[in-house]
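Treat the numbers as computed from the prediction; the structure is a model and nothing was measured.
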Amino acid sequence: MKILVTGTAGFIGFHLVKRLVQNNFHVIGLDNINDYYDVRLKYGRLKETGIEKEQINYGELTQSSKYENYRFIKLNLEDKEKLDKLFEEEKFDIVCNLAAQAGVRYSLTHPYSYINSNILGFINILEASKNNEIEHLFYASSSSVYGANKEIPFKESDKVDQPVSLYAATKKADELFAHTYSHLYNLKTTGLRFFTVYGPWGRPDMALFKFVKAMLNNQPIDVYNFGDMKRDFTYIDDIIEGVYKIIVLNKDRKEAYKIYNIGNSKPVNLMDFIKAIEKALGKKAKKNFLPMQPGDVPSTYADVSELIKDFNYKPSTSVEEGVRKFVEWYKENYKKE
């Protein structure tokens with residue numbers, strides 16, 4: 001089986017590639033390596049999978065030095081001509097589209113980045129999948145689509161027509177586009193609504209990364225909504241276990257369109273999350289309490305009963321353990337800073 005995974009210089013994509021190639025799948029990774037955050041981290045992830053920065057040329061496949069069954073290509077999803085050529089030549093069985101412009105707050109100031117990557121780029125993925133008879137398209141959605149929902153826990157059957165950020169709106173649009181292609185062309189699609197993923201190799205714009213960096217440098221951390229927030233923090237290994245099961249065990253599914261929540265289903269108070277970081281670092285945080293930020297929501301809480309029913313999904317990593325593992329990784333990789 002040959003799988004295309006997009007966003008493989010990113011957090012979740014990097015971890016998914018490692019899981020797939022270590023289980024003998026043939027994988028091609030794709031990423032445009034944009035500068036939304038420090039590209040050194042992105043190149044560091046690629047290096048972990050045997051892809052050296054010096055080898056990479058836009059639009060050309062690079063063979064991994066670590067895995068015989070892994071190759072990488074630097075490419076924009078908006079580059080329809082080269083994307084179509086890749087699909088035609090490689091004959092993928094499965095596509096897992098994790099590439100996207102991420103970040104809620106960044107969408108307030110850079111809206112076109114989201115339209116280009118999350119809308120135009122995803123349409124190109126859908127068209128290429130349809131035209132090349134892809135068996136199954138998996139794609140990243142987000143808990144952000146639940147927006148102003150008041151009912152908790154969030155269920156896949158809930159209405160999600162009240163987004164509170166452009167990022168959330170583009171993710172909801174992707175779900176609608178996928179539904180349309182599933183209906184019109186019987187293209188099997190599965191949307192993955194991720195809930196606050198954290199862990200080693202995580203993104204620098206996420207709370208855990210920012211908090212640890214600030215605390216180690218004796219700087220205050222910004223605590224929004226005066227600390228009155230809850231998040232369904234989900235450790236990266238639990239996320240990857242869920243995604244892997246969905247990809248591998250989905251062959252006999254009859255319905256063309258499906259959405260799954262992937263979360264821990266155990267919301268954590270932000271202040272308790274900070275306490276876990278303080279414990280792992282052995283030092284107290286200096287807190288700068290601030291009001292709620294535009295586009296943010298006070299709580300997220302995943303109902304994962306569908307994932308449990310279909311794939312026996314059981315997240316097992318506690319926040320204390322996950323935070324400790326991240327801190328160990330951060331100290332090792334950022335000790336010079």
Side-chain angles (χ1 to χ4, degrees), residues 10-12 14-15 36-38 41-42 100-109 140 142-147 154 164-165 167-168 171 193-239 262-302 315 317-331 333-334 337:
F11 178 32
I12 300 176
F14 155 71
H15 283 279
Y36 167 58
Y37 57 81
D38 191 347
L41 180 57
K42 297 184 178 186
Q101 177 58 61
V104 169
R105 296 185 187 104
Y106 191 72
S107 69
L108 300 174
T109 54
S142 168
S143 62
S144 297
V145 301
Y146 290 104
F154 298 154
V164 295
S165 70
Y167 169 69
K171 286 300 185 181
R193 290 177 178 168
F194 296 120
F195 280 72
T196 317
V197 190
Y198 74 99
W201 295 100
R203 293 199 336 249
D205 62 323
M206 298 295 282
L208 178 57
F209 200 112
K210 291 195 294 185
F211 288 174
V212 169
K213 181 178 181 180
M215 290 168 65
L216 285 174
N217 287 287
N218 297 311
Q219 297 171 346
I221 62 173
D222 290 337
V223 182
Y224 295 115
N225 204 35
F226 306 101
D228 186 17
M229 299 180 80
K230 288 185 178 181
R231 287 290 181 270
D232 203 335
F233 292 104
T234 315
Y235 189 64
I236 184 63
D237 289 359
D238 292 330
I239 288 285
I262 304 188
N264 199 36
S265 202
K266 294 177 182 177
V268 176
N269 287 306
L270 179 57
M271 298 307 294
D272 290 335
F273 190 65
I274 293 170
K275 287 178 183 177
I277 300 171
E278 291 175 330
K279 181 179 179 181
L281 289 175
K283 64 189 305 183
K284 287 287 185 182
K286 302 172 185 176
K287 304 174 188 72
N288 181 26
F289 290 98
L290 296 168
M292 181 76 82
Q293 298 296 289
D296 227 338
V297 295
S299 64
T300 62
Y301 183 177
T317 309
S318 67
V319 164
E320 291 75 16
E321 181 186 356
V323 167
R324 178 180 55 77
K325 288 181 177 179
F326 175 83
V327 167
E328 289 173 356
W329 168 83
Y330 185 95
K331 286 182 174 180
N333 284 269
Y334 288 86
E337 296 183 14

>> Between Gln293 and Val104, does the side chain to side chain contact (heavy atoms under 4.5 Å, CB included) criterion hold? Intermediate values first, please.
In response: CA-CA 10 Å; Gln293 298 296 289; Val104 169; over 6 Å; no

>> For Leu290 and Val223: C-alpha separation, side-chain torsions, deciding distance, then whether side chain to side chain contact (heavy atoms under 4.5 Å, CB included) applies.
In response: CA-CA 6 Å; Leu290 296 168; Val223 182; over 6 Å; no

> Can Arg203 and Leu41 be said to form a side chain to side chain contact (heavy atoms under 4.5 Å, CB included), step by step?
Replying inline: CA-CA 8 Å; Arg203 293 199 336 249; Leu41 180 57; 5.9 Å; no

>> Could you go through His15 and Phe11, starting from their C-alpha distance and side-chain angles, then the distance that decides it, and tell me whether this counts as side chain to side chain contact (heavy atoms under 4.5 Å, CB included)?
In response: CA-CA 7 Å; His15 283 279; Phe11 178 32; 3.7 Å; yes

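Side-chain contact check for Asp232 and Thr196: no donor-acceptor pair (N or O, by modelled atom type) lies under 3.5 Å. A side-chain donor-acceptor contact under 3.5 Å links Arg193 and Tyr146.
A cation-pi arrangement is not found for Arg231 relative to Tyr198, the charged atom failing to lie both closer than 6.0 Å to the ring centre and inside a 45° cone about the ring normal. Tyr334 does not carry Lys213 over the face of its six-membered ring by the limits of under 6.0 Å from the centre and within 45° of the normal.
Residues Ala302 and Ser265 approach most closely at O-OG, 2.8 Å, considering heavy atoms. Nearest heavy atom pair, residue Pro220 against residue Asn288, reads CB-CB, 4.4 Å. In terms of heavy-atom proximity, Pro200 sits nearest to Tyr235 at CD-OH, 3.4 Å. What you find for Val197 and Met206 is that their closest heavy atoms are O-CE, 3.9 Å. Among all heavy-atom pairs drawn from Ala280 and Val327, the shortest one is CB-CG2, 3.8 Å. Between Ser144 and Ala168, the shortest heavy-atom contact is O-CB, 3.3 Å.
For the atom pair CD1 of Ile236 and CZ of Phe326, the computed distance is 12.0 Å after rounding to the nearest 0.5 Å. Rounding to the nearest 0.5 angstrom, the gap separating the NZ atom in Lys266 from the OG1 atom in Thr317 is 10.0 Å. To the nearest 0.5 angstrom, Lys210 atom NZ is 7.0 Å from Asp222 atom CG. Interatomic distance, OH of Tyr301 versus CZ of Phe195, reported as 11.0 Å (0.5 Å rounding). Atom CG of Asp272 and atom CZ of Phe233 lie 10.0 Å apart (nearest 0.5 Å).
Two residues are said to be in side-chain contact when any heavy atoms from C-beta on lie closer than 4.5 Å; Ser143 and Phe194 fail this criterion. Using a 4.5 Å heavy-atom threshold, the side chains of Met271 and Lys287 count as touching. Lys286 places none of its side-chain heavy atoms less than 4.5 Å from the side chain of Gln219. No side-chain heavy atom of Asn225 sits less than 4.5 Å from a side-chain heavy atom of Pro291. Using a 4.5 Å heavy-atom threshold, the side chains of Met215 and Ile221 count as touching. For the pair Gln101/Tyr106, a side-chain contact is recorded, criterion being any heavy-atom separation below 4.5 Å from C-beta on. Put simply, the side chain of Phe289 does not reach to within 4.5 Å of the side chain of Tyr224, judged on heavy atoms. Put simply, the side chain of Ser142 reaches to within 4.5 Å of the side chain of Tyr167, judged on heavy atoms.
Ring centers of Trp201 and Phe14: under 6.0 Å apart, within the cut-off.
Checking side-chain atoms of Thr234 against main-chain N and O of Asn264 turns up a donor-acceptor pair under 3.5 Å. Proximity of a side-chain donor or acceptor of Asn269 to a complementary backbone N or O of Asp228 within less than 3.5 Å is not detected.
Within 6.0 Å of atom NZ in Lys279, 12 or fewer heavy atoms from other residues, nucleotides or ligands are found, so the atom counts as exposed in its surroundings.
Ion pairing between Lys275 and Glu320 fails under the 4.0 Å rule for side-chain N and carboxylate O.
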